[in-house]
Protein chains: 2
Amino acid sequence: MRPTTKDLAKAAGVSLATVDRVLNKRAGVRKETVEAVNDAIEKIGFVRNQYAANLARGRNYRFEFLLPETGDDFLATVIDRIQEARAAMRLDAIDISYRCALPNDPHKAAEILAGVAADETDGVAIMAPESPQLRDATTRLVERGVQVVLFISGQPDLRPVDFVGVDNYAAGATAGRLLGRFLAPTQGKILVISETMNALDSVERRLGFDRVLSADFPRLTPLPSLETFGDLARTERVVRNSYENQADIVGAYVLGSEARLAIEAIRGTTDPAGQVIVAHERTRYTEKMLRERVLDAVIAQNPGHLVRSAIRLLKARSDQRPPLVSQEQIRIEILIEDNLDIR
Amino acid sequence: MRPTTKDLAKAAGVSLATVDRVLNKRAGVRKETVEAVNDAIEKIGFVRNQYAANLARGRNYRFEFLLPETGDDFLATVIDRIQEARAAMRLDAIDISYRCALPNDPHKAAEILAGVAADETDGVAIMAPESPQLRDATTRLVERGVQVVLFISGQPDLRPVDFVGVDNYAAGATAGRLLGRFLAPTQGKILVISETMNALDSVERRLGFDRVLSADFPRLTPLPSLETFGDLARTERVVRNSYENQADIVGAYVLGSEARLAIEAIRGTTDPAGQVIVAHERTRYTEKMLRERVLDAVIAQNPGHLVRSAIRLLKARSDQRPPLVSQEQIRIEILIEDNLDIR
DNA sequence: CTTGCTATGACGTACGTACCTCAAGTAACA
DNA sequence: TGTTACTTGAGGTACGTACGTCATAGCAAG
């Protein structure tokens with residue numbers, strides 16, 4: 001059996017009350033006594049029974065996902081998973097909510113973060129593009145005692161805040177290699193389409209993509225990124241332009257999480273069967289395109305895993321317990337038509 | 001706040017003692033009273049607080065992984081993950097153990113299963129090839145009140161027992177399509193190597209593989225399966241034979257979870273750079289081969305996910321709670337050199 | 001009416017922890 | 001010496017559930 005607070009009290013030679021004061025960092029204990037208790041914790045390997053503690057406290061965890069104000073199919077899938085997790089975790093006294101509140105403007109987004117109250121929220125998962133304003137707002141959130149994870153977009157190295165998402169550089173490289181190998185000995189130009197190249201995620205993917213093409217597939221030349229800005233007419237125009245001006249386009253890499261515009265524009269311009277097309281994120285649309293062999297591969301991150309990973313991290317940090325690192329690595333998935341159905 | 005047993009007692013118009021008798025299926029309650037309590041459970045949406053219940057019981061979960069007596073690198077990885085999970089879950093009062101005990105002989109394996117005592121074990125995860133003996137032994141285990149999941153190998157449709165693993169037919173199809181696409185317009189023969197074709201898993205992979213090749217890559221002809229039987233000398237001999245007798249072998253599909261023998265044999269016979277080779281399962285060896293570009297792709301299932309999924313299922317069944325289905329789907333992962341490093 | 005049985009309720013203790021109150025101890029200071 | 005502040009211990013109650021004992025009410029058979 002695991003040692004309890006009673007065992008700890010005995011081992012430290014103090015009373016239960018003092019153990020309690022130390023464990024919960026209450027005032028009124030001499031430094032030496034605190035140390036004695038901490039030594040005893042080490043010695044007997046005491047670990048607080050978090051469930052009993054939560055029971056006594058009547059505690060519940062309140063975590064919130066702060067998502068972009070507007071989004072695409074991928075965001076919708078993420079929201080579905082949040083709701084699923086919400087229903088499942090309610091039994092474990094974890095209250096999950098989400099708000100599609102973060103505007104593109106970093107200043108306004110930072111304001112929203114400033115409005116998160118530590119006495120109403122134990123932790124937040126933030127999905128927003130990197131910016132200095134956001135970084136500051138995050139730091140202040142942490143100082144107020146709110147747990148934070150950066151969700152999907154963001155930088156892995158912004159300590160002490162956890163990041164949940166994939167390495168976009170590697171994701172771009174993966175896309176590049178698949179395109180290169182699927183095109184085999186063919187040579188020609190590759191269309192690269194993004195919603196916007198302002199987001200760090202897109203830039204990283206592009207860098208990873210270009211590195212692989214130039215290193216291992218020099219016969220393929222990636223064209224400068226086309227930006228859709230979420231506008232179908234514009235997208236169709238720029239895509240048509242490209243195909244008209246460049247005779248030897250043999251494939252396309254669709255960078256963003258919204259593949260529909262780009263792919264519909266390509267379909268409207270040329271026969272996709274003659275092109276190798278790789279896009280990102282599994283949505284109902286990309287699934288359909290894979291099945292219809294319009295898309296050749298999809299590079300994806302599992303939304304359910306992302307959501308649960310964020311929640312587990314927030315909970316582990318709230319409990320001051322180390323997370324299980326290997327479980328929280330988000331994998332770069334490659335989807336083709338054959339591994340799409342999970343059973 | 002969630003309703004408690006007190007609320008339930010009030011709602012059902014009975015005492016706490018009776019609620020307790022009903023909840024824990026103790027005798028001495030009239031049928032009508034039981035129904036009244038059950039109706040009240042529905043009405044107020046009572047869900048037992050499992051943590052408080054476990055606390056009161058002093059309960060801990062005892063789960064055991066029953067693994068093959070002998071195994072390969074993949075099995076070793078699985079064992080690593082079991083030990084990792086074991087350390088992490090001890091804090092949640094989940095005791096995990098494993099035994100490499102199951103021999104190849106189905107009768108002897110069934111004997112081992114017959115020896116699992118319900119009063120010592122809450123659940124077992126069984127990794128063993130399908131067989132009628134095993135099916136019977138499993139059924140008897142369930143009857144004795146032991147939770148069972150079939151782990152990695154086995155049949156998804158053997159109710160009421162959960163299966164944790166991938167659809168091997170789809171895994172084989174995935175391998176087939178990658179091989180086909182990577183080989184692009186090349187035509188020729190494909191070596192298919194397995195440790196043994198006696199296991200259902202291998203047969204299913206082969207079927208999925210053949211289906212894709214014949215349907216979509218008719219220029220590629222898969223050769224009859226070569227079996228290694230775990231013997232390097234034998235493997236080298238049959239592989240060498242194949243390459244000598246068939247001039248136009250352009251790739252290889254390594255079916256089993258032990259890729260080393262087959263790949264070393266190929267390397268000893270021909271230049272792997274001229275071949276497209278696809279194998280299964282991520283191990284230190286297959287990782288290395290991907291990085292060295294001997295292997296072109298690896299079809300894998302995540303061992304950590306498999307292990308944790310099995311444990312979550314066993315726990316959910318023990319608690320009589322429905323598992324979160326979408327979390328327990330094991331994905332067929334495609335690994336290439338670029339998505340190998342997870343951050 | 002007694003006996004015996006079943007169904008039910010009342011109540012207590014326990015699990016491991018949090019948090020509160022009160023008493024008592026010690027040490028420093030005036 | 002008394003006053004004060006700080007430190008510590010003792011003990012209680014609570015969280016939601018399990019599980020035990022005991023009392024009592026109802027009812028049927030003898």
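A note on names: the letters A, B, ... follow the listed sequences, proteins ahead of strands, and every chain is numbered from 1.
Salt-bridge formation is detected for the pair B:Arg81/B:Glu84: a Lys NZ or Arg NE/NH1/NH2 atom is positioned less than 4.0 Å from an Asp or Glu carboxylate oxygen. A salt bridge links B:Glu130 with B:Arg135: the distance from a Lys NZ or Arg NE/NH1/NH2 to an Asp or Glu carboxylate oxygen falls below 4.0 Å.
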(request) Start with the C-alpha gap between B:Asn60 and A:Arg2, add the side-chain angles, then the distance that decides, and say whether side chain to side chain donor-acceptor pair (under 3.5 Å) holds. (result) CA-CA 11 Å; B:Asn60 59 343; A:Arg2 274 165 53 184; over 6 Å; no
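B:Arg21 comes within 4.0 angstrom of a nucleotide base, judged by non-hydrogen atoms across all strands. Residue-level contact check: B:Asn24 touches the backbone only, with heavy atoms under 4.0 Å from sugar-phosphate atoms and none from bases.
Of the N and O atoms on the side chains of B:Asn54 and B:Gln50, at least one donor lies less than 3.5 Å from an acceptor on the other residue.
Taking every nucleotide of DNA chain D with any atom under 4.0 Å from a non-hydrogen atom of chain B, the first and last of them, 5' to 3', are D:dG16 to D:dC19.
Position along DNA chain D of the nearest nucleotide to B:Arg26 versus B:Tyr51 favours B:Tyr51 as the more 5'-ward residue.
One interatomic measurement links the two molecules: CG of A:Leu8 to C1' of C:dT17, which rounds to 12 Å at whole-angstrom precision. Atom CG in B:Asp20 sits roughly 13 Å away from atom C1' in C:dC11 (whole-Å rounding).
Each end of the helix from C:dC1-D:dG30 to C:dA30-D:dT1 yields a helix axis from five base pairs, and these two axes differ in direction by 50° (to the nearest 10 degrees).
Considering B:Lys315, B:Arg317, B:Arg321 as possible partners of B:Asp319, the one that fulfils the side chain to side chain donor-acceptor pair (under 3.5 Å) test is B:Lys315.
Under a cutoff of 6.0 Å and an axis angle of 45°, A:Arg59 and A:Tyr61 form a cation-pi pair.
Residue-environment remark: CZ (A:Arg90) stays at or below the threshold of 12 foreign heavy atoms within 6.0 Å.
To the nearest 0.5 Å, the span separating OG1 on A:Thr33 from CZ on A:Arg21 amounts to 10.5 Å. Summarising the geometry, atom CG belonging to A:Leu23 is positioned 5.0 Å from atom CD1 belonging to A:Ile41; distances are rounded to the nearest 0.5 Å.
Looking at residues 28-41 of chain B, you'll see that no heavy atom sits under 4.0 Å from any atom of DNA chain D.
Between the side chain of B:Ser153 and the backbone N or O of B:Ala128, at least one donor-acceptor pair lies under 3.5 Å.
Taking the six-membered ring where the residue is Trp, B:Phe65 and B:Phe151 present perpendicular rings, their angle passing 60° and hence far from 30°.
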